[in-house]
Amino acid sequence: MVALLPRLRRFALGLTGSVDRADDLVQATCERAIRAIDRFVPGTRLDSWMFKIMQNLHRNAIRDRATEGGTLVGNAPDADQPLDGERALDARLALTAARRALASIDAEQREVLLLIGVEGFSYEEAATILDLPVGTVTSRLARGRAKLRDALELAPNEHLAGPGLTGGRP
Amino acid sequence: MTRDDEQREREALIAELGATLDKAAAPEGARAADRQTFEDPESLALLRALRADEAALTAELDRALAGPIPERLVETVETGFAARAGTRGGRQAPWWALAAASLAFLVIGAGGGLWWAESRIDQALLRFETRSELERSVLAETINRALETQVSGESLDWRSGGSMGRVTPLRTYRSRSGHWCREYSRTTRFNGEPIAVLALACRNEAGQWVTLRAEPKAAGSEL
């Protein structure tokens, strides 16, 4: 479990946006995992199991904050998300372009993007972790990637060779 | 084309590109689109951009977390497990000290010779319950797994060759020496009548469950 800490922290940082809150989330995840270790099925992946626990804790935490209520259920792809506490915090800290871009993505797309794009889980594994059908994972991933691309394209310190490379933009 | 349409089309393209981006991670069917993508320079550029985005994101997250992992996290994991297993502070002890500590509890009110005899009984029973070395190792592995992972009352089944069996933890308690011990039943059936054994095992520091007492019980109730 200790060996998983770096990856758990990275996922938590992606979810929460701040290192302190990420570490709180990792700690809570480890505590819960240890308490529930009886329910871990040997031979299955410990990392998937722990990511799932973290994911649930994070969702519950967001729900408990009660400010986001409706945004967790259903898809509202083009609706502007309200500025929540996480994003306000991000705005205060001088975040690097990609992390700022990540924070601008809807929570439900962000989690998929992090699991597959950053952590390298397969679509099926991500679907299991998130309790979603694979189709939903695929579409959220595409939507999240599109938003990440948009946000980074507009970012001043462009990490790519130059603008005009991407197709299909107005 | 409205902006919405355009957005949707772009997402569809990105979903397609995802199949290339995520390689084997993407579902089988999605990979068919690969070839087409590579013939279109715009798509190819987008693909590169997406890949670069995720690499940049990963790098930035890693950079933010550079440096040692906070002590409190490592501690949470280590003390958490130690508290569960009741082995805190015992990790550096030599094996014979651990064995002695186990024995101290294991043979409450009796001498070490009794434990030795018990373990011989267990060995004899195991040989009776299984017909081959392979079956014996499958059973031993199942016992360890059941005691490590199952709550009391929930069993694990095993099957090897023509034999099958079930291991069920029954009761859990902590020994005076701080070890976790569990009573369990194991039932084996091959061809004929089932053989049922009631046993007690305790967990050593290596995470292995050592069966310390085993006795046959009235058969037929378990499987």
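Predicted model, so just to flag it, every value in this text is computed and none were measured. Lettering of chains follows the sequences in order, A, B, ..., and the numbering in each one begins at 1.
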Inset, instruction - May I ask you to name which of A:Val118, A:Val19, A:Leu8 has the most heavy-atom pairs under 4.5 Å with chain B? - result: A:Val118
Legend entry - Residue-level interface, residues 23-32 of chain A with chain B, non-hydrogen cut-off under 4.5 Å: A:Asp23, A:Asp24, A:Val26, A:Gln27, A:Cys30, A:Glu31
Inset, instruction - Ignoring hydrogens and angles, tell me if any N or O in the side chain of B:Arg166 forms a donor-acceptor pair with the backbone of B:Leu156 under 3.5 Å. - result: no
Side-chain heavy atoms of [X] within contact of [Y], under 4.5 Å:
X	Y	result
B:Ile143	B:Trp158	no
B:Leu46	A:Arg149	yes
A:Arg110	A:Lys147	no

Inset, instruction - Please say whether more than 12 non-hydrogen atoms of neighbouring residues, nucleotides or ligands are located less than 6.0 Å from CZ in B:Arg159. - result: no
Legend entry - Listed once per pair and sorted, the ring pair (Phe, Tyr, Trp, His ring centres under 6.0 Å) pairs that draw on residues 2-21 of chain A, sequence neighbours left out: A:Phe11-A:Phe51
Inset, instruction - Go through B:Val74, B:Leu61, B:Ile69, B:Thr58 and name the one with the most non-hydrogen pairs under 4.5 angstrom from chain A. - result: B:Leu61
Inset, instruction - Enter the distance from A:Leu130:CG to A:Arg140:CZ here, rounded to the nearest 0.5 Å. - result: 8.0 Å
Legend entry - Ion pair B:Glu183/B:Arg171, N-O distance below 4.0 Å: yes
Legend entry - Contacting moiety of B:Pro169, where chain A heavy atoms sit under 4.5 Å: neither
Inset, instruction - Measure A:Leu148 against the heavy atoms of chain B and call it side chain, backbone, both or neither at under 4.5 Å. - result: both
